[in-house]
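Report on the structure given below.
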Amino acid sequence: MIHDLRICFVGDSFVAGAGDETALGWVGRVTAAAWNRGVALTAYNLGVRRDTSADVRRRMKAEVLARLLQAGDAQAMVLSFGVNDCTHEDEMPRVPPEATEENAAAMLGWAAARWPVLMIGPPPVLDDAAHDARVAALSVRLEALCATMRLPYLPVHAPLAASSAWRNAVGRGDGVHPDGAGYAALAGLVEGWQPWRALTTT
């Protein structure tokens, strides 16, 4: 067994598991699955509702450094954000896509210099087609960035948009965040992803 693998999950409300009646979200589910495989995973959930990439960037270093950098422990970071960046306020995105990319590059570069780092793409938004199109485009942009930086990126937008489990779960939720069944669908994508399995397998 890996004794004390520590991972910071940093991002927005989807990282926090907003709307999940089981209080597990996808982070809790993949953590439990790791334990079932014999990996003693300490998961630090640093998801904050309404946070954009700019918000995450402002708080990330202090929050992560307070939890990682313990000598002798296996450590890693997982980043996920983007839906809030694409929200329009006064007919403009809260964060323009080029600024989101710059924020992501800065955070990924900082983290990758210290630990293994993975990025999970933003999920679909089903109650606003224009918003969702912006999220889909941003996911492609973030995937290209991670490819350039040679860092693992999991695009979840397309498979979740095609998933009846996700769509139904969002419908039972608040129209944006799913209930527990939706987070289970997202967790299944993460759990089946080779970079995640490589990180969390004995």
Side-chain angles (χ1 to χ4, degrees), residues 7-20 25-27 44-68 76-115 117-161 166 170 173-178 182-183 186 189-190:
I7 300 180
C8 284
F9 295 83
V10 188
D12 56 17
S13 55
F14 293 100
V15 173
D20 187 351
W26 66 266
V27 173
Y44 297 107
N45 192 318
L46 304 177
V48 176
R49 293 192 74 156
R50 292 200 85 250
D51 260 16
T52 65
S53 62
D55 298 319
V56 175
R57 184 178 179 181
R58 277 191 291 270
R59 64 182 172 84
M60 182 189 72
K61 290 183 182 180
E63 294 186 5
V64 169
L65 290 175
R67 292 161 177 84
L68 300 185
M77 259 187 64
V78 177
L79 278 166
S80 185
F81 49 78
V83 170
N84 293 317
D85 293 51
C86 298
T87 301
H88 268 198
E89 293 182 350
D90 298 324
E91 300 184 357
M92 295 292 292
R94 290 182 64 197
V95 181
E98 60 274 11
T100 301
E101 183 176 346
E102 195 277 329
N103 289 330
M107 288 186 278
L108 289 166
W110 179 83
R114 292 161 175 79
W115 314 284
V117 58
L118 309 177
M119 187 165 194
I120 312 295
V125 179
L126 302 184
D127 67 340
D128 185 330
H131 186 184
D132 189 55
R134 294 190 295 271
V135 174
L138 181 62
S139 180
V140 171
R141 189 167 187 148
L142 292 173
E143 184 172 16
L145 170 66
C146 287
T148 299
M149 299 181 73
R150 298 184 179 181
L151 296 173
Y153 180 87
L154 177 62
V156 301
H157 184 279
L160 290 179
W166 178 266
V170 172
D174 62 8
V176 176
H177 303 96
Y183 283 109
L186 176 49
L189 295 176
V190 177

What's the separation between atom [atom1] in [X] and atom [atom2] in [Y], rounded to the nearest 0.5 Å?
X: S13; Y: D174; atom1: OG; atom2: CG; result: 8.5 Å
X: S53; Y: L142; atom1: OG; atom2: CG; result: 8.5 Å
X: R49; Y: D12; atom1: CZ; atom2: CG; result: 10.0 Å
X: L46; Y: I7; atom1: CG; atom2: CD1; result: 12.0 Å
X: R57; Y: L79; atom1: CZ; atom2: CG; result: 12.0 Å
X: E102; Y: E98; atom1: CD; atom2: CD; result: 10.5 Å

* To do: Quickly, which of Y183, F9, W166 forms a ring-ring contact (aromatic ring centres under 6.0 Å, His included) with W26? Name it, please.
  =>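 Only one option passes, and that is F9.
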
* Take V56 and M107 through the test side chain to side chain contact (heavy atoms under 4.5 Å, CB included) and record every step on the way to the result. => CA-CA 9 Å; V56 175; M107 288 186 278; 3.7 Å; yes

Check [X] against [Y] and note the closest heavy-atom contact, atom names and distance.
X: M77; Y: M60; answer: CE-SD, 3.6 Å
X: D132; Y: V125; answer: OD1-N, 2.7 Å
X: A112; Y: V117; answer: CB-CG1, 3.6 Å
X: E63; Y: R67; answer: O-NH1, 2.6 Å
X: I120; Y: S80; answer: O-OG, 3.0 Å
X: L189; Y: P159; answer: CD1-CG, 3.9 Å

* To do: Scan side-chain atoms only and decide if T52 and D55 contain a donor-acceptor pair under the 3.5 Å cut-off.
  =>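 Yes, because at least one side-chain N or O of T52 sits under 3.5 Å from a partner of the opposite role on D55.
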
* Check whether any side-chain N or O of D85 sits under 3.5 Å from a backbone N or O of P93 as a donor-acceptor pair, and report yes or no. =>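 Absent.
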
* To do: Indicate yes or no for a side-chain donor-acceptor contact from N45 to the backbone of G47 under 3.5 Å, with no hydrogens or angles considered.
  =>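 Yes.
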
* **Partner of V83 by side chain to side chain contact (heavy atoms under 4.5 Å, CB included), out of R134, H131, H157** =>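 For V83, the side chain to side chain contact (heavy atoms under 4.5 Å, CB included) test succeeds with only one of R134, H131, H157, which is H131.
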
* Could you name each residue pair satisfying side chain to side chain donor-acceptor pair (under 3.5 Å) that touches residues 144-155, not counting sequence neighbours? =>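 Qualifying pairs: S139-Y153.
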
* Show your working on side chain to side chain contact (heavy atoms under 4.5 Å, CB included) between W115 and V64 and close with a plain yes or no. => CA-CA 11 Å; W115 314 284; V64 169; 3.5 Å; yes

* Asked: For R114, does the CZ atom have more than 12 heavy-atom neighbours from other residues, nucleotides or ligands under 6.0 Å away?
  ->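 Counting neighbours around CZ of R114, more than 12 heavy atoms of other residues, nucleotides or ligands fall under 6.0 Å, so yes.
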
Hey, does [Y] have a side-chain heavy atom less than 4.5 Å from the side chain of [X]?
X: D128; Y: H88; answer: no
X: D127; Y: V176; answer: yes
X: V15; Y: V10; answer: no

* With side chain to side chain contact (heavy atoms under 4.5 Å, CB included) as the test, would you mind laying out the steps for L145 and M119 before giving the verdict? => CA-CA 11 Å; L145 170 66; M119 187 165 194; 6.0 Å; no

* To do: Give the C-alpha distance, both sets of side-chain angles, the deciding distance and a yes or no for side chain to side chain contact (heavy atoms under 4.5 Å, CB included) between L154 and L118.
  => CA-CA 8 Å; L154 177 62; L118 309 177; over 6 Å; no

* **Counterpart residues, ring pair (Phe, Tyr, Trp, His ring centres under 6.0 Å), relative to H177 (two or more places apart)** =>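 If we apply the ring pair (Phe, Tyr, Trp, His ring centres under 6.0 Å) test to H177, skipping adjacent residues, the hits are F14.
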
